[in-house]
Amino acid sequence: MSLYRQLLYFFREVENEVVHNVKITDDMLSKWQERLSELLNNGVVSFSQHQINTFFSNILKRNLTVSSYRKNFKIRKLDFNKAQLSARSGDFLKEHVLLSANLIRLKRDEQIQATLRRFSGWVSSIPTMGEGKPAQSIKTLSSDLLKPLKSLSFENRRVLIDQGHKFTAAVNNSIARDQGAIAVKWVSHWKETGYNYRLDHKKRDGHIFLLKNNPFVRNGYVRKTNVQYIEDIDGFGQLPFCRCYGVYLFSLRDLPIDMLTEKGKKYING
């Protein structure tokens, strides 16, 4: 039986019990809320741990492809052992699976609690001893209570997609630092139709940010004034639903000339 029909039967039972009693007691309300909570917990389907793990595993596989390397790293050849990288990335995977599962559970619990509150409000509108009609019909109540619960699958997908961007950013950042990246170019999706971009992220589009503590910065090849470091701003995918990403740079020749010191200019001119 569908959750909607189960709710219809349940609300009819509650209404019948209310109209035949002089008053609603705490025990009655607790009993109904417990029953409704049981119906919702059994009827509201969410993503399983296996589904979440599969989602992130597939993202990791896509990240470890040649096309992904070419998109995210401006370097002729990445020098790493793929098995080792997969092992390191596994830590990020476990972290984001855990975070996503927790967020999905919290959203589900929040919606169920909100539904229980709305139910209590409906019960209080039912006149005892049959003196009139409740403010809201049972069918209308059932439909209204299910609306936010039906949107949970959409919200859960949004959680996974958002965490997916954060996961991808973490993996790419790990690869870049392991391979000695010196800077990263910000790429925004602000031109994409329907994308709700942040204005400050749009302004960063195409800008180059240095990575702190790389050898060229430490040894005076790059200016230390009037430059920005990626560590000093919110990074790729850090803010909710941010889809920006970075193209990591590994050569001084990829930096704007005005970011280089005289020592850096002499270096690239050989």
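Residue numbers count from 1 along this sequence.
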| request: Give me the other members of the hydrophobic cluster that Y195 sits in, counting Ile, Leu, Val, Met, Phe, Trp and Tyr linked by side-chain heavy atoms under 4.5 Å, directly or via other members. | output: W190, Y197
| remark: Given the options H165, K166, R158, D162 meets side-chain hydrogen bond (donor to acceptor under 3.5 Å, both in side chains) only with K166
| With ring centroids as reference points, do W186 and F236 lie under 6.0 angstrom apart? | yes
| What distance separates I182 CD1 from S251 OG, expressed to the nearest 0.5 Å? | 6.5 Å
| Residues R108, N41; criterion side-chain contact (heavy atoms from CB on, under 4.5 Å); working and verdict | CA-CA 9 Å; R108 182 176 181 273; N41 277 300; 3.3 Å; yes
| Nearest heavy-atom pair of N63 and Y69: which atoms, and what distance? | O-CE2, 3.5 Å
| query | Is R12 paired with E17 through a side-chain N to carboxylate O contact shorter than 4.0 Å? | reply | no
| task | Give a yes or no on whether E34 atom CD has more than 12 heavy-atom contacts from other residues, nucleotides or ligands under 6.0 Å away. | result | no
| task | Using the test salt bridge (Lys or Arg N to Asp or Glu O under 4.0 Å), find all partners of K71 that sit at least two apart in sequence or belong to another chain. | result | none
| said: Is there a side-chain contact (heavy atoms from CB on, under 4.5 Å) between Y221 and L252? Walk through the geometry before answering. | reply: CA-CA 8 Å; Y221 291 87; L252 286 183; 3.9 Å; yes
| field | D26, CG: over 12 other non-hydrogen atoms inside 6.0 angstrom | value | no
| query | Do any N or O atoms from the side chain of E38 and from the backbone of R35 form a donor-acceptor pair under 3.5 angstrom? | reply | no
| message | Under a 3.5 Å distance rule, please check whether D178 uses its side chain to pair with a backbone N or O of S174 as donor and acceptor. | response | no
| request: Using the test salt bridge (Lys or Arg N to Asp or Glu O under 4.0 Å), find all partners of R177 that sit at least two apart in sequence or belong to another chain. | output: E231
| remark: Taken to the nearest 0.5 Å, the spacing of R5 CZ from L7 CG works out to 11.5 Å
| said: Ignoring hydrogens, what is the shortest heavy-atom contact between N172 and F73? Give both atom names and the distance. | reply: O-CE2, 3.6 Å
| field | Worked check of side-chain contact (heavy atoms from CB on, under 4.5 Å) between I104 and I52 | value | CA-CA 10 Å; I104 287 171; I52 295 172; 4.0 Å; yes
| So, do V227 and Y229 sit near enough that their side-chain heavy atoms are less than 4.5 Å apart? | yes
| message | As an exercise, state the distance from CG of L199 to OG of S188, rounded to the nearest 0.5 Å. | response | 10.0 Å
| task | Could you tell me the separation between the CG atom of L36 and the OG1 atom of T115, rounded to the nearest 0.5 Å? | result | 7.5 Å
| field | Flag, side chain of K202 to backbone of H189, donor-acceptor distance under 3.5 Å | value | no
| said: How close do K263 and G220 get, counting heavy atoms only, and between which atoms? | reply: CB-O, 3.9 Å
| So do F10 and Q6 actually touch side chain to side chain, heavy atoms under 4.5 Å? | no
| query | Between L160 and F56, is any pair of side-chain heavy atoms under 4.5 Å apart? | reply | yes
| said: Under a 3.5 Å distance rule, please check whether N173 uses its side chain to pair with a backbone N or O of A169 as donor and acceptor. | reply: no
| task | Quick one: pull up CD1 in I208 and CG in L255 and give me the separation to the nearest 0.5 Å. | result | 6.0 Å
| Is there a side-chain contact between V217 and L211 (heavy atoms, below 4.5 Å)? | no
| Do T261 side-chain atoms and R223 backbone N/O form a donor-acceptor pair below 3.5 Å? | no
| At what distance, to the nearest 0.5 angstrom, does CD1 of I75 lie from CD1 of I175? | 11.0 Å
| Looking at L29 and S120, what are the two nearest heavy atoms and their distance? | CD1-OG, 4.1 Å
| request: Report yes if some heavy atom in the side chain of K61 is under 4.5 Å from a heavy atom in the side chain of T65; otherwise report no. | output: no
Considering only distance and modelled atom types, tabulate donor-acceptor pairs under 3.5 Å from the side chains of residues 242-250, sequence neighbours left out.
unit_1: R243; atom_1: NH1; unit_2: E192; atom_2: OE2; d: 2.8
unit_1: R243; atom_1: NH2; unit_2: E192; atom_2: OE1; d: 3.4

| query | With side chains defined as the heavy atoms from C-beta onward, is the minimum distance between L210 and I230 less than 4.5 Å? | reply | no
| salt bridge (Lys or Arg N to Asp or Glu O under 4.0 Å) partners of D200, counting only residues at least two apart | R204
| Among all residues two or more places apart in sequence or in another chain, which pass the side chain to side chain contact (heavy atoms under 4.5 Å, CB included) test with Q113? | L116, R117
| Mind checking whether L239 and H201 have side chains closer than 4.5 Å, heavy atoms only? | yes
| message | Run L60 and F167 through side-chain contact (heavy atoms from CB on, under 4.5 Å) and show every step you take. | response | CA-CA 8 Å; L60 181 57; F167 175 55; 4.0 Å; yes
| query | Side chains of D232 and K212: closer than 4.5 Å at any heavy-atom pair? | reply | yes
